[in-house]
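Here is the structure we will look at, set down as structure tokens.
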Amino acid sequence: MTHRVILHLDQIVKQFSSHSIPAVNQVSLTLNQGDILGLLGPSGCGKTTLLRIIAGFEKPSRGTVELAGQMVAGERSWIPPEQRHTGMVFQDYALFPHLTIGENIAFGLRSKQERLSKQQIKQRIREVLILVGLSGLEKRYPHELSGGQQQRVALARALAPQPALILLDEPLSNLDVQVRLRLRHEIRHILKGTGISAIFVTHDQEEALAISDKIVVMSEGNIEQLGTPEEIYTCPASRFVAEFVTQANFIPAKRQGNLWRTEIGEWEIPTPSPLSEGEDGELMVRQEDILLQPSEAGKIVISDRQFLGREYRYCLQTPSGGQLHARTNLNTQLPIGTRVQLGISSEAPQIFPCTSARSEQAEMVSLSA
């Protein structure tokens, strides 16, 4: 089955001055019809700048942007935001406080190139309000709605002109936890139901995993990895991705044959390793993959425990003075000070090259563990 390409970025670079480090550095990607793409990364990684380039609020220093087969930004091309047939949902909703909900939604419809009759506009307002679960509220004003309802109005306004692409800039960050959990499910359901492609910016790993069909993880203006949520989480392409997305532990390790030896034990890694015999590396182990077994002979000590509702998060002190973290279900309840032995679940850990900042730590690996 052939998928229609909605967006194609080719070697996008954005520098805010000729001598500055690029905020976006040679980014290329393609988005197909109906796909939801998450731009994930820490503050300052370039994700919002990239979204603004796609929207037309920023011009790229180099590279091209094609939207629905039309060149909208390039060396000799520039289409302004209002002519790009995109919808925008902002972090702060950006609703007009003096207009009713219906009038807010109608604003985008009246600015469409093709003229719609008053009856067509009313019909479209009713359709999108039903779609976002706010039917009958068109006469209300924004201040009469909750934050979650206002964000759904912002989504309805973006959807009303039936754009080729919806752009969402951290749309859930101003909402409380329960509303965010509910809305992220609703937003995905609404977008998939319409078949409209979408890109949303977030720094929340769980949010990106829950909403996206594919995720772009960004760092310092570069794409660190592009993949499905499952690929990003289970097979991170770099130490940065592993640390940012999975909040994994990294344990200094040395390779001896097929084994990787650490101060807490040794493991056989079935996947090919980029490191040579005796070379330093770091064993990546996700917090939820660590198994805790109380043992008087254990070399690991529980130094802290946090109750997180559905699980416990343990802080573990290693013989060298390092720290690891483990997450367990509520059935594993161990007091602070307990000595434990560690196991790793059947989900195999991964090896990454040792960073220079940690090379000295690697020398502390106990080869007798």
TODO: Decide whether a cation-pi geometry holds between Arg255 and Trp267; the criteria are a distance under 6.0 Å from NZ or CZ to the six-membered ring centre and an angle within 45° of the ring axis.
DONE: no
- [ ] Decide whether a cation-pi geometry holds between Arg305 and Tyr312; the criteria are a distance under 6.0 Å from NZ or CZ to the six-membered ring centre and an angle within 45° of the ring axis.
- [x] yes
With a 3.5 Å cut-off and no angle check, do the side chains of [X] and [Y] form a donor-acceptor pair?
X	Y	value
Gln11	Ser28	yes
Gln149	Arg152	no
Glu66	Gln70	no

Could you give the distance from [atom1] ([X]) to [atom2] ([Y]), rounded to the nearest 0.5 Å?
X	Y	atom1	atom2	value
Gln162	Leu159	CD	CG	9.5 Å
Phe244	Ser219	CZ	OG	9.0 Å
Leu191	Glu186	CG	CD	11.5 Å
Asp10	Ile12	CG	CD1	7.5 Å
Lys254	Asp280	NZ	CG	3.5 Å
Phe307	Arg313	CZ	CZ	15.0 Å

Verify the neighbour count for atom [atom1] of [X]: are there more than 12 heavy atoms of other residues, nucleotides or ligands below 6.0 Å?
X	atom1	result
Ile21	CD1	no
Glu206	CD	no
Arg188	CZ	yes
Lys214	NZ	no

Ion pair present between [X] and [Y], side-chain N to carboxylate O less than 4.0 angstrom?
X	Y	result
Arg327	Glu311	yes
Glu263	Lys299	no
Arg239	Glu282	yes
Asp213	Lys192	yes

TODO: Indicate yes or no for a side-chain donor-acceptor contact from Gln151 to the backbone of Pro171 under 3.5 Å, with no hydrogens or angles considered.
DONE: yes
Task: Connected via hydrophobic side-chain network under 4.5 Å: Leu167 and Val27 - done: yes
Task: Sub-4.5 Å side-chain heavy-atom contact between Ile130 and Val128 - done: no
- [ ] Begin with the C-alpha distance, continue with both residues' side-chain angles, and end with the deciding distance and a verdict on side-chain hydrogen bond (donor to acceptor under 3.5 Å, both in side chains) for Glu243 and Gln247.
- [x] CA-CA 5 Å; Glu243 196 165 30; Gln247 300 178 345; over 6 Å; no
Considering only distance and modelled atom types, tabulate donor-acceptor pairs under 3.5 Å from the side chains of residues 93-109, sequence neighbours left out.
from: Thr100; atom 1: OG1; to: Glu103; atom 2: N; distance (Å): 3.1
from: Thr100; atom 1: OG1; to: Glu103; atom 2: OE1; distance (Å): 3.4
from: Thr100; atom 1: OG1; to: Glu138; atom 2: O; distance (Å): 3.4
from: Glu103; atom 1: OE1; to: Thr100; atom 2: N; distance (Å): 2.9
from: Asn104; atom 1: OD1; to: Phe96; atom 2: N; distance (Å): 2.7
from: Asn104; atom 1: ND2; to: Phe96; atom 2: O; distance (Å): 3.2
from: Asn104; atom 1: ND2; to: Leu99; atom 2: O; distance (Å): 3.2
from: Asn104; atom 1: ND2; to: Thr100; atom 2: O; distance (Å): 3.0

TODO: Go through the steps for Glu224 and Ser238 under the test side-chain hydrogen bond (donor to acceptor under 3.5 Å, both in side chains), then give the verdict.
DONE: CA-CA 7 Å; Glu224 288 280 333; Ser238 68; 2.8 Å; yes
